[in-house]
A.B. asks: 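Have a look at the structure that comes next, please.
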Amino acid sequence: MELKRLFTDPICALATARGVSATATVRCSGERILERLLPLLERLEKPKPRKIYLTPFKVKGEFLDEILFVYFQAPASYTGEEMAELSFHGNPIIIDRAMEALLEAGFREALPGEFTRRAVLNGKIDLPKAEAINAMITSRSETALDVARRSYLEGISTEISTFREEIVRLLATIEVELNYPDEVETDYTDLGEKLDGLLESISAFIESASKGLRIAQGIKTVIVGETNVGKSTLLNALLRRDRAIVSDIPGTTRDTIEEDLNIKGVLFRVVDTAGIRASHDAIEEMGIQRSLKAIEEADLLILLSDPAGDPGYLQKIDLEGRRVIRAANKSDIRQIDGAGYDVVISARTGRGLTSLEELMVERTLDLTSIGEQIIVSARQRVCLQECLRYLLQSIEAIEERVTVDIVSTLVERAAKSLDELLGRNLTEDLLDRIFSDFCVGK
């Protein structure tokens, strides 16, 4: 593979967080790295693979630090290349000097995610597993971390490969007619039915597996209500800090405000919206339109009401089939009959907030109860949706009795979408897009 040859030069990077700490680990990988490292290490001539050595690290002959050194021989390493890890005392000054010495020895600083990139190129892991590794590192809640771990251990490659094999079998049937048009005639009824079945299976897979992506990104929860009902006060109360401006003046919130909130290990993206009402203010009206858009995209709606107010805004919202919590606010200033509400709260004093949080977790259990297969990146979902699009177009082409070569092209593109998901046709552009948000030492 040509791409593999482009990434074999010696690289190094700090693999632990920068700052004062007990230890800091520098990772190295590439061809013939040992001969570059040994001049920096005292008393090491032929280190055995996977054995830890305590050795002085010297820069231009002067002692810098006493380190732990371990060497991994290719291909039995994370990247499939020669690798080494050097653990220094965690002083940034020591690390800076050590990195300078490594660069002078012929290493270059690794690109973001380049170690994992090399592992993919060398066949140590596949692309979905690499994305699961990044998801484990960047998870912002316990549930998201569990999703990432399961994706790493179980993966989706087997299921996706099964879909691809079925597509390739159907493509082979079509190709026979293309190659022998006078001798073979494809049964379009049977082909259409098989494509329909495949379309249904992949659609169900996306619906189930996409829960992992939603958990990782956060369950979008929108606080909805008329003006001055206490939406911004509720957002601040849930966050336990002042994030939104609170005022008695109606229309203070002109735009949506979005913040992450971790409740019992589940990540919620809580959105404070502009109060919904009739307005002649152009800017406020823009905020209201953005609120309505956020409501359409929400996984969970918190309908916040002041029992003394006017709930007429609800006429603008379609609640059919939506996850909804009806909350009555301002219980600190008036007695509220809880009939018709799921919870009674005071956003100002915090009364009822625990009950509201429990309801948020309860009403979204269907989103957090993940199945056997899990998608952890938007790229994976896009590839699957592309596959669906081409399968649907091929079915429509069959129904319209278009020529067999067009059907073949569409089915082939569906297969290529899954190839891209699995990383079977790697390009530099694809790798750059995937690994650009990885940390440097991974």
A.B. asks: Please report the C-alpha distance between L267 and I219 in whole Å, then the side-chain angles of each, then the deciding distance to 0.1 Å, and finally whether the side chain to side chain contact (heavy atoms under 4.5 Å, CB included) criterion is met.
C.D. replies: CA-CA 6 Å; L267 185 67; I219 296 171; over 6 Å; no

A.B. asks: What I want to find out is whether D96 reaches R18 closely enough, with some N-O distance under 4.0 Å, to be called a salt bridge.
C.D. replies: yes

A.B. asks: Can you find a pair of side-chain heavy atoms, one from T79 and one from K124, that are under 4.5 Å apart?
C.D. replies: no

A.B. asks: Just one of V224, V229, I325 clears the side chain to side chain contact (heavy atoms under 4.5 Å, CB included) bar with L304, so which one?
C.D. replies: V229

A.B. asks: Are the side chains of F115 and M83 in touch, meaning some heavy atoms are under 4.5 Å apart?
C.D. replies: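 Side chain of F115 against side chain of M83, heavy atoms only: contact under 4.5 Å found.
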
A.B. asks: Side chains of T25 and S87 only: does a donor on one sit below 3.5 Å from an acceptor on the other?
C.D. replies: yes

A.B. asks: The test is side chain to side chain contact (heavy atoms under 4.5 Å, CB included); show your working for F268 and I263 and say whether it passes.
C.D. replies: CA-CA 7 Å; F268 291 85; I263 302 175; 4.0 Å; yes

A.B. asks: Step by step, would you call L195 with I398 a side chain to side chain contact (heavy atoms under 4.5 Å, CB included)?
C.D. replies: CA-CA 10 Å; L195 286 170; I398 289 173; 3.6 Å; yes

A.B. asks: Can you tell me if CD on E207 sees more than 12 non-hydrogen neighbours from other groups inside 6.0 Å?
C.D. replies: no

A.B. asks: Mark yes or no for whether S201, through its side chain, and G197, through its backbone, hold a donor-acceptor pair below 3.5 Å.
C.D. replies: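 Present.
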
A.B. asks: Could R379 and E131 be called an ion pair, given the rule that one side-chain N must be under 4.0 Å from one carboxylate O?
C.D. replies: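 Yes, R379 and E131 are salt-bridged.
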
A.B. asks: Tell me if a side-chain donor or acceptor on S208 pairs with a main-chain N or O of A204 at a distance below 3.5 Å.
C.D. replies: no

A.B. asks: If you take all heavy atoms of N329 and G230, which pair is closest and at what distance?
C.D. replies: ND2-CA, 3.8 Å

A.B. asks: Given side chains that start at C-beta, do those of M360 and I302 come closer than 4.5 Å, heavy atoms only?
C.D. replies: yes

A.B. asks: Can the positive tip of R118 be found less than 6.0 Å from the middle of the six-membered ring of Y78, inside 45° of the ring normal?
C.D. replies: no

A.B. asks: Can you measure from CG (L170) to CD1 (I167) and round to the nearest 0.5 angstrom?
C.D. replies: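 Answer rounded to 0.5 Å: 8.0 Å.
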
A.B. asks: Run the side chain to side chain contact (heavy atoms under 4.5 Å, CB included) test on L86 and C28 for me, step by step, so that the C-alpha distance in whole Å, both residues' side-chain angles and the decisive distance to 0.1 Å come before the verdict.
C.D. replies: CA-CA 8 Å; L86 299 80; C28 303; 3.9 Å; yes

A.B. asks: Is the backbone N or O of I375 less than 3.5 Å from a side-chain atom of S377, with the two atoms forming a donor-acceptor pair by type?
C.D. replies: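 Not a single qualifying donor-acceptor pair exists.
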
A.B. asks: Taking NZ, NE, NH1 and NH2 as the nitrogens, is one of them in K211 or D146 under 4.0 Å from a carboxylate oxygen of the other?
C.D. replies: no

A.B. asks: Side-chain contact, heavy-atom cut-off 4.5 Å: R424 with R164?
C.D. replies: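 R424 vs R164: side chains touch.
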
A.B. asks: Above 12 or not: heavy atoms from other molecules or residues under 6.0 Å from CD of E109?
C.D. replies: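 No, not enclosed.
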
A.B. asks: Surrounding CG of L103 (heavy atoms of other residues, nucleotides or ligands, distance under 6.0 Å), is the total greater than 12?
C.D. replies: yes

A.B. asks: Tell me the closest heavy-atom pair linking A148 and S139, and the distance in Å.
C.D. replies: CB-OG, 3.9 Å

A.B. asks: If you draw a 6.0 Å radius around NZ in K220, do more than 12 non-hydrogen atoms from other residues or ligands fall strictly inside?
C.D. replies: yes

A.B. asks: Over all heavy atoms of both residues, which pair between S408 and L171 is shortest? Give the atoms and the distance, please.
C.D. replies: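 Closest approach of S408 to L171, heavy atoms only: O-CD1, 3.4 Å.
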
A.B. asks: Using modelled atom types and a 3.5 Å cut-off, is there a donor and acceptor pairing between side-chain atoms of R326 and backbone atoms of L303?
C.D. replies: no

A.B. asks: Kindly compute the distance separating CG (L37) from CD1 (I33), expressed to the nearest 0.5 Å.
C.D. replies: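 Reported value, rounded in 0.5 Å steps: 5.5 Å.
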
A.B. asks: Indicate yes or no: at least one non-hydrogen side-chain atom of D299 is less than 4.5 angstrom from one of T364.
C.D. replies: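 They are not in side-chain contact.
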
A.B. asks: Over all heavy atoms of both residues, which pair between E159 and F205 is shortest? Give the atoms and the distance, please.
C.D. replies: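 Nearest pair, atom of E159 first, then F205: CG-CE1, 3.4 Å.
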
A.B. asks: State, without any angle test, whether E412 and Y390 hold a side-chain donor-acceptor pair at a distance under 3.5 Å.
C.D. replies: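 There is no such pair between these side chains.
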
A.B. asks: For the pair E357 and R240, find out whether any cationic side-chain nitrogen is under 4.0 Å from an anionic carboxylate oxygen.
C.D. replies: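 Yes, charged N to carboxylate O under 4.0 Å.
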
A.B. asks: Hey, what do you get for CG (L410) to CG (D405), rounding to the nearest 0.5 Å?
C.D. replies: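 These two atoms lie 10.0 Å from each other.
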
A.B. asks: Do L356 and L234 have side chains that get closer than 4.5 Å, going by heavy atoms?
C.D. replies: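 Side-chain contact under 4.5 Å: yes.
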
A.B. asks: Take atom CD in Q217; do more than 12 heavy atoms of anything else shown fall under 6.0 Å from it?
C.D. replies: yes

A.B. asks: At what distance, to the nearest 0.5 angstrom, does CD of E82 lie from CD of Q73?
C.D. replies: 7.0 Å

A.B. asks: Give the minimum heavy-atom separation between R27 and A15, together with the two atoms involved.
C.D. replies: CB-CB, 4.3 Å

A.B. asks: Any donor and acceptor pair, going by atom type alone, linking the side chain of S21 with main-chain N or O of A17 inside 3.5 Å?
C.D. replies: no

A.B. asks: So, are R323 and D366 salt-bridged, with charged N and O less than 4.0 Å apart?
C.D. replies: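 Between D366 and R323 there is a salt bridge, with a charged N closer than 4.0 Å to a carboxylate O.
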
A.B. asks: Around atom CZ of R322, are there more than 12 heavy atoms of other residues, nucleotides or ligands at under 6.0 Å?
C.D. replies: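 Enclosed.
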
A.B. asks: Could you check whether atom OH of Y152 has more than 12 heavy atoms from other residues, nucleotides or ligands sitting under 6.0 Å from it?
C.D. replies: no

A.B. asks: If I take atom CD1 from residue I206 and atom CG from residue L213, how far apart are they, to the nearest 0.5 angstrom?
C.D. replies: 11.5 Å

A.B. asks: With distance as the sole criterion, is a donor-acceptor pair present between the side chains of D126 and S157 under 3.5 Å?
C.D. replies: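 There is such a pair (donor and acceptor under 3.5 Å, judged by atom type) between the side chains of D126 and S157.
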
A.B. asks: Side chains of L384 and S417, heavy atoms from C-beta outward: is any pair under 4.5 Å?
C.D. replies: no

A.B. asks: Of the non-hydrogen atoms in E258 and R269, which two are nearest, and what is the gap between them?
C.D. replies: OE2-NH1, 3.1 Å

A.B. asks: Using the rule side-chain hydrogen bond (donor to acceptor under 3.5 Å, both in side chains), only one of E85, E81, E114 pairs with S29; which is it?
C.D. replies: E81

A.B. asks: Do L111 and F435 have side-chain heavy atoms sitting under 4.5 Å apart?
C.D. replies: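 Not in contact.
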
A.B. asks: When you measure from the side chain of E166 to the backbone N and O of T162, does any donor-acceptor pair fall under 3.5 Å?
C.D. replies: no

A.B. asks: To the closest 0.5 Å, what do you measure between CG (L391) and CZ (R389)?
C.D. replies: 11.0 Å

